[in-house]
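A short write-up of the structure that comes next.
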Amino acid sequence: MPGMSPGHAPQAVQVVSSTWARDSHDLFDFEAPHMHGQTFSVARSTVFVRAGTEVLSLSDRDPMPPAGDPLLRLLQKDGAFWVDRAAPSNSSKRLWLVVRELAARGHRLAQGDIMKLGRFKFRVRQLVAAACGGQQPELKLDESGTVYACDDAKDPRTGADLSSTMCRICLLEGPGEDDPLITPCQCKGSIEFVHVGCLRYWIRGRLNFTDPPGRSYFYRPLACELCKAFYPTYIQSGQERQPLVEVPWTQPPFIVLENMVRDSQQHAQRGLHIISLAEKMLKIGRGHESDVRIADVSISRCHATIRFERGHFILEDNNSKFGTLVAMKKPRLLEPGCSLSIQMGRTVLSLSTQRGPSAADDGSAHDERALSLSRLVRGPSREAAPAPEAGEQRQEDER
């Protein structure tokens with residue numbers, strides 16, 4: 001770079017791509033015996049694109065090949081390299097960090113992180129490390145409205161007298177002592193009101209909390225069997241807000257995970273996993289011994305673990321078949337001496353810094369990129385002999 005001394009020349013990045021031959025649910029099989037692999041050495045800003053099983057490295061001036069799928073952008077800035085998305089900003093595609101390839105062999109979780117195990121995703125909703133302040137899990141999945149309980153014999157919305165209003169569960173009239181009548185759903189008429197105590201008893205029977213207090217449980221929002229509207233999470237009694245559902249007390253440190261459901265066939269119900277890590281680490285997998293059990297072929301028997309160590313929640317992969325991933329929230333610096341693996345669908349790019357290449361190496365890398373791009377745009381040429389290893393792998397993939 002002009003004006004930069006040799007001792008401060010920008011580093012180069014070695015990029016090794018591995019593409020799984022199958023295209024299934026954006027999965028990558030880390031145990032597959034045969035992969036389509038390529039190696040790149042780049043010293044400038046580069047965009048990586050996949051077409052079929054072929055990965056290309058393009059400059060910002062190169063045209064996008066037909067049917068090209070943008071993978072990631074390697075941005076050079078101030079002598080350093082940053083990993084960023086190559087897809088448009090309005091695209092829903094994410095870059096996923098491969099947890100097993102991280103330098104620490106684990107990822108320190110933060111609130112809001114999105115984890116992907118196989119084809120299932122979880123959002124970290126809450127992390128509580130200590131018992132100070134008596135903090136307990138926040139059970140809200142979304143911003144559902146709060147119900148204002150009736151503390152006397154009048155409806156606070158209309159002022160109507162409720163002394164002769166009947167509870168639709170116990171059929172008794174009027175609010176009881178410390179047991180007001182509320183309207184928890186969209187039902188109208190004679191089934192509009194219900195006692196808080198009666199509704200709690202009904203919900204407790206449906207959720208079936210079996211674990212002893214202080215441990216773990218799964219919370220899911222319940223809907224009215226008549227109008228199908230979801231019941232609220234909290235009720236307001238005067239100045240006090242309290243949960244509608246009486247859930248077990250959870251001993252810190254604990255974590256709250258939300259399963260992110262894409263369709264009704266992927267998971268039985270949207271909900272929250274509340275798990276205490278006070279006595280043991282959290283296991284996620286397909287096996288019956290798992291604390292969060294997912295009965296799906298993309299999940300290994302013991303897929304991943306979360307442990308609490310020195311005030312932090314650490315996510316680790318257990319050499320699972322389809323990997324444990326964490327979504328990148330923002331561009332990530334590729335630090336000198338460190339490596340990073342990013343998964344985009346069925347392709348994993350492993351990036352590591354290296355000493356700056358010579359001018360000849362840089363020129364040959366540019367020529368190789370141009371040749372790959374021309375082959376993809378014009379179609380494969382029988383007269384152009386590819387490198388032996390790449391050619392043999394390509395023929396094997398075609399078979």
Side-chain angles (χ1 to χ4, degrees), residues 1-6 8-19 36-91 93-97 328 330-336 338-381 384-387 389-391 393-394:
M1 182 176 294
M4 185 173 290
S5 63
H8 295 83
Q11 60 189 354
V13 176
Q14 184 184 61
V15 181
V16 179
S17 70
S18 301
T19 301
H36 184 76
Q38 297 168 258
T39 301
F40 306 87
S41 181
V42 296
R44 60 169 65 93
S45 297
T46 303
V47 177
F48 288 92
V49 178
R50 183 186 63 228
T53 57
E54 189 81 12
V55 174
L56 297 175
S57 61
L58 311 177
S59 70
D60 293 332
R61 298 183 299 273
D62 291 332
M64 179 68 66
D69 187 13
L71 298 178
L72 64 78
R73 181 186 304 275
L74 198 57
L75 180 65
Q76 185 192 39
K77 184 178 180 182
D78 299 331
F81 282 92
W82 295 78
V83 180
D84 197 5
R85 296 171 54 184
S89 57
N90 58 353
S91 173
K93 292 185 177 181
R94 303 177 185 269
L95 298 183
W96 297 93
L97 292 171
M328 279 181 50
K330 58 184 179 180
R332 187 180 180 104
L333 174 66
L334 189 59
E335 299 180 359
C338 296
S339 59
L340 194 65
S341 291
I342 307 292
Q343 180 178 334
M344 298 76 54
R346 58 186 177 131
T347 297
V348 170
L349 295 183
S350 299
L351 306 96
S352 58
T353 56
Q354 57 181 188
R355 298 183 62 181
S358 63
D361 293 336
D362 188 29
S364 62
H366 178 75
D367 293 341
E368 181 182 353
R369 182 180 65 221
L371 178 61
S372 300
L373 179 60
S374 64
R375 284 205 312 266
L376 191 65
V377 173
R378 295 180 300 180
S381 172
E389 294 182 1
Q393 182 66 52
R394 187 178 299 108

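Side chains are part of it too, since the values below use all heavy atoms of this structure and drop only hydrogens, waters and symmetry mates.
- Under the side-chain hydrogen bond (donor to acceptor under 3.5 Å, both in side chains) criterion, R73 pairs with D60, sequence neighbours left out.
- Here K93 pairs with D69 under the salt bridge (charged side-chain N to carboxylate O under 4.0 Å, His left out) rule; sequence neighbours left out.
- Nearest heavy-atom pair, P70 versus A86, reported as atom, atom and distance to 0.1 Å: CB-CB, 3.9 Å.
- A distance-only check finds a donor-acceptor pair linking the side chain of S45 to the backbone of Q76 [under 3.5 Å].
- Remark: side-chain polar atoms of Q343 are paired, donor with acceptor, to backbone N or O of G345 under 3.5 angstrom.
- Looking only at distances, no side-chain donor or acceptor of Q14 sits under 3.5 Å from a matching main-chain atom of Q354.
- F48 and S57 get closest at one heavy-atom pair: CE2-CB, 3.6 Å.
- Between F40 and the choices V15, L56, L349, the side chain to side chain contact (heavy atoms under 4.5 Å, CB included) rule is met once, by V15.
- When all heavy atoms are compared, the tightest approach of F81 to R44 is CE2-O, 3.8 Å.
- Scanning all heavy atoms of the two residues, the minimum distance from Q38 to V55 falls at OE1-N, 2.8 Å.
- Taken to the nearest 0.5 Å, the CE atom of M64 stands 6.5 Å off from the CG atom of L58.
- Scanning both residues, R50 and L71, for their nearest heavy atoms gives NH1-CD2, 3.6 Å.
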Residue pair R332, L95: steps toward the side-chain contact (heavy atoms from CB on, under 4.5 Å) verdict: CA-CA 10 Å; R332 187 180 180 104; L95 298 183; over 6 Å; no
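- L333 and A80 make their closest contact through CD1-CB, 3.8 Å (heavy atoms, listed as atom of the first residue, atom of the second, distance).
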Test side-chain contact (heavy atoms from CB on, under 4.5 Å) on L72 and I342 and set out the steps. CA-CA 9 Å; L72 64 78; I342 307 292; 4.0 Å; yes
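- For the pair L340/E335, no side-chain contact is recorded, criterion being any heavy-atom separation below 4.5 Å from C-beta on.
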